[in-house]
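Below, each value reflects all heavy atoms present in this structure, side chains not excepted, and no hydrogens, waters or symmetry copies.
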Amino acid sequence: MLLNSDLWVSALIRRAEIGGAFATVVKKGDDRAGSVIVKAYDTSTRTARLFTEAFGPDGDRLWIQPVVSDSESDLDAYIARQRGYDPDLWVVEIEDRQGRHFITEKVDAGQARPPA
C-alpha cells in the first residue's frame, strides 16, 4: 500500500459512503503499515466476499479474494485467523445493495481459493 493504512482506509470508507453504501472499521490496525482486509457484503443477496492486498506474478500490487465461500462464517473464520497472525491488521466491512468493494486499485478475483 503506497499510502498510510489509516489514510487509505479513510478514503475507501468515503468512496463507499459517496456510492450510497455503509462502511465501517471493524478492527483498527497499525496507522502506518497495517495490512487491510475488506469484507464486501451484498445486502440484496446476503452474500459476502473478502479482499486482501497481495503481489501478482509480475510483482505488482493487487487485491485478491483470499477465500471464497457461500458461508459468511468461513469468511469470518479466515479474518479471525489472520488477526491472530497479524495484530496490525485492519478489517473494513462494507454493506452495499450491489456488493461493491469500492477498491480502486487492481482487483484479481482469479486468485480465490476455497476455505481450508
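Remark: D31 engages K28 in a salt bridge (charged side-chain N to carboxylate O under 4.0 Å, His left out) (not counting sequence neighbours). Partners of E72 according to the salt bridge (charged side-chain N to carboxylate O under 4.0 Å, His left out) rule, which considers only residues two or more places apart in sequence or in another chain, are K39. Checked against salt bridge (charged side-chain N to carboxylate O under 4.0 Å, His left out), K106 has no partners two or more places apart in sequence or in another chain.
Considering every non-hydrogen atom in both H101 and V107, the closest pair reads CE1-CG2, 3.7 Å. When all heavy atoms are compared, the tightest approach of R15 to I103 is NH2-CA, 4.3 Å. Taking all atoms of both residues into account, the shortest heavy-atom contact from A40 to G99 is CB-O, 3.9 Å.
Note that the CG atom of L89 and the CG atom of D30 stand 11.0 Å from one another [nearest 0.5 Å]. Here the straight-line distance linking atom CG of L12 with atom CD of E17 works out to 10.0 Å at 0.5 Å rounding. Expressed to the nearest 0.5 Å, how far CD1 of I37 lies from OG1 of T52 amounts to 5.0 Å. Between W63 atom CH2 and T104 atom OG1 the span is 9.5 Å, to the nearest 0.5 Å. The CZ atom of R49 lies 7.5 Å from the CG atom of D42; values are rounded to the nearest 0.5 Å. Annotation: the span from L50 atom CG to Q82 atom CD amounts to 9.5 Å, rounded to 0.5 Å.
In the hydrophobic clustering of this structure, L7 groups with V25; members are Ile, Leu, Val, Met, Phe, Trp, Tyr whose side-chain heavy atoms approach within less than 4.5 Å, directly or through other members. Taken together through direct or relayed side-chain contacts under 4.5 Å among Ile, Leu, Val, Met, Phe, Trp and Tyr, Y41 and I94 form parts of separate hydrophobic clusters.
R100 places a side-chain N or O within 3.5 Å of a backbone atom of G19 that can act as its donor or acceptor partner. At least one donor-acceptor pair under 3.5 Å links the side chain of D58 to the backbone N or O of D60.
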For this session: Could you check T43 against F22 for side-chain contact (heavy atoms from CB on, under 4.5 Å), going step by step and ending with a plain yes or no?
Result: CA-CA 11 Å; T43 58; F22 173 78; over 6 Å; no
For this session: Just do the side-chain contact (heavy atoms from CB on, under 4.5 Å) check on K27 and W90 with the steps written out, would you?
Result: CA-CA 5 Å; K27 164 72 171 67; W90 289 76; over 6 Å; no
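In this model, a donor atom of one side chain and an acceptor atom of the other lie less than 3.5 Å apart for E105 and W8. Remark: the S71 side chain and the S69 side chain contain no N/O donor-acceptor pair separated by less than 3.5 Å.
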